[in-house]
Amino acid sequence: MSAFERVTRRSLLRGGAVVLGSAMAAPLLSACGGGGKSGNAKELTFWNFYGPNPQADAQSKWFTDLAAAWNANNEVKVKLHYLPVSEYLAGTALQTAFSAGQGPDIFLLSPGDFLRYHNGGVLADLTPHLKPDQIADFDGGVLDTRKVDGKVYGLPMEQEPLAMYYSVDAFEKAKLAEGDLPQTWDQLLDVAAKLTTKDQFGILFETIPGYYQNFTWYPFMWMAGGSAVPGSGGAGFDAPGVHQALKLWQDAVNNKVAPRKPQGDGAGNAPANLASGYVAMQQSGIWSVSQLEQEKKDFTYGVFRLPVPEGGTYTTDIGGWAFVANAKGANPEAAAKFIAWALGATDAAGVERGRQWNTVVKTNLPARKSVQEAAKAAGAFDKPALKVFLEQVVPGGRGEPRYTPEVYKAVSDAIQATQLGGADPAKAAADAAAKIDTFLKGYKGAAML
Amino acid sequence: MATLVDPGTAVAGEAAPRVWWTRRRKEALAGYVFVAPDLLGLLVFVGLPMVLAVGVSLFSVDGFGGYTYVGLDNFRQMAEDAQLWQSVKVTLTYMVTFVPIGFVVSLGLALLVRDHFPGVGLVRTMFFLPHVISLVVVGVVWQFLLADKQGAVPALLRPVGLGDVSFLGNPALALGSLVVISIWFLMGYQMLILLGGLKDIPKEYEEAARVDGATSWQRFRHVIWPLLRPTSFFVLVNSTVGAVTGLQAFDLVYVLTKGGPANSTSSVVFYIYQQAFTFNNYGYAAALTTVVVGFLVVATGLMFGLTKGGRFDVG
């Protein structure tokens, strides 16, 4: 071995150790200090999955117009940062940014993920920037899952209720008419069996594990009188209503009238499942009206509200995204002001902005009463599907619940184990309830709703 | 400037001139220069995160900048984590099926395309092609092929009464389906490595065995197999590491099943991802990562010891 090799190797290792040691110590030390402000106080970053979309569709334009309108009249500017929806929903970018203390100033948040961010202390209070009449303009309990101790931490841009879609063509082929639309769970399974053929399933419920699957299953749990957390509207997770709801989804798969795997990116995609002829009925949200309009214009479909169990009360789940501000950002005040203006302004421009988003570039139920009125006046709900949503689906709706990741996972495991794993619903519910109860004993965050 | 004289060429009896810039040193320097980019990449993108992970594993991290020192608590938590043990089971099942079956299939392909025949280049390319496709695309394509009722595979199986089988939606079949897709994806790459090993075996050895009356199996067993050991060792270690931490163990799960149905494909790496990015348990995720890396170091060491590093020249 030459002296050259010896010396180089040693120095390489020595140098490497120094580099690694200091690199390891620096982030840990800075992290322990934690909590410093990040970003630019004069330019707020707004992370979203709409715009500026490279495909530059109408929804992207709504976002870019929004930022442009704000920037024209304010010293603190808003800069949009687009992430593809798959990355935003299930990727690592947003979480990694917050973890590194570089979270965006403004971002979109769903109720299902609200507690994770609120309990992490990164949601700014928007209340000081909202007048009472602005808060009162929000429909029913739509703000409830964005409130903690009376303070508003997010402004919803929309309401997205869940309902059942059906293929008119599939019904006709099975010699079924509108009068055969199922009203109860038993009828639902019965009609699904009649619609099941060699190439088509009768009904589709989500089967991919995740927040969305839980979101779509909750209405069945509520209708049967169950709840995920004791005290949040029901007895808790180990209750007959929960067993019943788990069994409904299990029966659909066991009877082979529902698939074990949806097509495309999941059961929220109506063009890939319902319009492709893969299923004849599909549980999905109001967004599928615009999806079908854009991707399968000639497809004929109808909408009906979710069937109820014997003796149950009709309920559906109403989701929807909200704008929230980063309390640890460079200028949370300005971020909160922007949100209050963008989604809460009660002047004509503000109402029109809401109407455009909810009923022109997208199909939602507006979260604000004034926007709903403006949309009705403009004939937005004349379309048969949207009329059903407004008149039949939404009454009795309940906001998407907010649970912690621990509760979400326990519920998800129970749904998966029964729907696809063949587990006994009562046993799966008891297992999940035990995990939830253990977790709740040490839980100190905001209330679960 | 120093005279370039190799000490080995100095005339006997004369004192060799003291030169620093020898051929060996030049070769060593060239070696370091060639290795440097990779080494730097490894240090920055593998070594450093691994060391950081060990540090983070001693903290409770909330994902929003909050770090609390908890010592070895994250490691203690593992014993009571039922989901972790389910994920370990999934990973081990995946490993003990994917590694040997993938190896046998790849070796079979390499032997098949070892000798020249018309169109051999095309055949080799066809086997290798899946490997050049992104795993995400592979996942999407197989999702179509295996789709319930409407996929090409159920359609092919319909005549034998298996048309209603759900490959990715049934917990009993989902992991097996991922193993098959992984083998399909990796077999061309492994075939190419093994083919390189096979090409290095002098034809004379096999010819001599053939002249001595050895059958095909005897030639494989006593000539090819021992001489292929270093290549086989590399392929086996590579696919074992790949099975536990590699792309196919995560990407395919992520694209095709999201760990379902009923956690049947939730591998350890997917579980670590969930702990970090779904539950914000970065400290626990780092502890799990540390253990997985430790396991791989031990497993690789064992394989190294058992196969003598794949060397065939030591007794």
Side-chain angles (χ1 to χ4, degrees), chain A residues 2 4-5 8 12 16 19-21 23-25 27-28 31-32 34-36 90-92 95-96 98-101 103 116-117 119-122 198-201 207-211 253 256 259-264 276-278 328 404-406 408-409 413 416-423, chain B residues 20 22 24-25 28-29 31-32 39 43-44 47-48 50-52 54-56 58-59 61-69 83 143-144 146-151 155 158 163-164 166-171 174 254 256-264 266 273-274 276-282:
Chain A
S2 72
F4 174 79
E5 286 167 286
T8 306
L12 187 76
V19 169
L20 290 180
M24 182 184 160
L28 282 181
C32 290
T92 59
Q95 194 51 55
T96 308
F98 272 109
S99 174
R116 183 157 64 129
Y117 286 86
N119 292 346
V122 293
K198 184 169 67 69
D199 303 309
Q200 178 181 268
F201 289 96
T207 67
I208 301 171
Y211 279 98
V253 168
K256 300 194 172 172
R260 287 175 165 271
K261 192 107 173 63
Q263 299 275 44
S276 72
Y278 183 60
K328 291 183 179 175
T404 61
E406 292 80 1
Y408 141 75
K409 176 66 174 160
D413 283 349
Q416 285 282 308
T418 47
Q419 183 191 28
L420 303 168
Chain B
W20 186 84
T22 64
R24 286 190 63 186
R25 283 173 178 152
L29 180 68
Y32 282 121
L39 190 68
L43 277 173
V44 174
L48 181 60
M50 275 166 64
V51 175
L52 284 172
V54 176
V56 173
L58 304 175
F59 289 81
V61 187
D62 69 2
F64 297 103
Y67 283 67
T68 311
Y69 181 74
Q83 168 82 56
Q143 199 162 10
F144 279 112
L146 295 175
D148 295 11
K149 277 190 195 282
Q150 295 188 341
R158 193 163 283 150
D164 274 338
S166 175
F167 289 94
L168 296 172
N170 188 332
Y254 187 79
L256 285 171
T257 59
K258 294 279 190 294
N263 286 326
S264 64
S266 176
Y273 174 86
Q274 272 193 326
F277 298 107
T278 307
F279 306 143
N280 278 24
N281 293 332
Y282 286 90

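Letters go in sequence order (proteins before strands), and every chain restarts at 1.
Ranked by heavy-atom pairs under 4.5 Å with chain B, the first of A:Gln419, A:Glu406, A:Lys198 is A:Lys198. When B:Pro171, B:Gly151, B:Ala276 are compared by the number of non-hydrogen pairs under 4.5 Å with chain A, B:Pro171 comes out ahead. Here A:Ser99 is the residue among A:Gly277, A:Ser99, A:Gly91 with the most heavy-atom pairs under 4.5 Å with chain B. The greatest number of non-hydrogen atom pairs below 4.5 Å with chain A, out of B:Asn281, B:Asn280, B:Leu168, B:Asp62, is found for B:Asn280.
A donor-acceptor pair shorter than 3.5 Å cannot be found between the side chains of B:Gln274 and B:Gln83.
Looking at B:Tyr282, only its side chain comes within 4.5 Å of chain A, counting heavy atoms on both sides. For a residue to count as touching a neighbouring chain, one of its non-hydrogen atoms must lie under 4.5 Å from one of that chain's; by this rule A:Gln95 touches chain B with backbone and side chain alike. Proximity to chain B (any heavy atom under 4.5 Å) is shown, for A:Thr92, by both the backbone and the side chain. Heavy atoms closer than 4.5 Å to chain B are found in both the backbone and the side chain of A:Tyr117. Proximity to chain A is absent for every atom of B:Tyr69, based on heavy atoms less than 4.5 angstrom apart. In this structure, chain A has no heavy atom under 4.5 Å from any part of B:Leu58.
In this structure, A:Lys261 contributes its side chain and B:Leu256 its backbone to a donor-acceptor pair below 3.5 Å.
In this structure, B:Asp164 and B:Lys149 have side chains that are in contact, with non-hydrogen atoms separated by less than 4.5 Å. The closest side-chain heavy-atom distance from A:Thr207 to A:Pro259 is not below 4.5 Å.
Taking CZ from B:Phe144 and CD from A:Gln263, the interatomic distance works out to 7.0 Å, rounded to the nearest 0.5 Å. The CG atom of A:Asn119 sits 9.0 Å away from the CZ atom of B:Phe64 when rounded to the nearest 0.5 Å. Between atom CZ of residue A:Phe201 and atom CG of residue B:Asp148 there is a gap of 5.0 Å, rounded to the nearest 0.5 Å.
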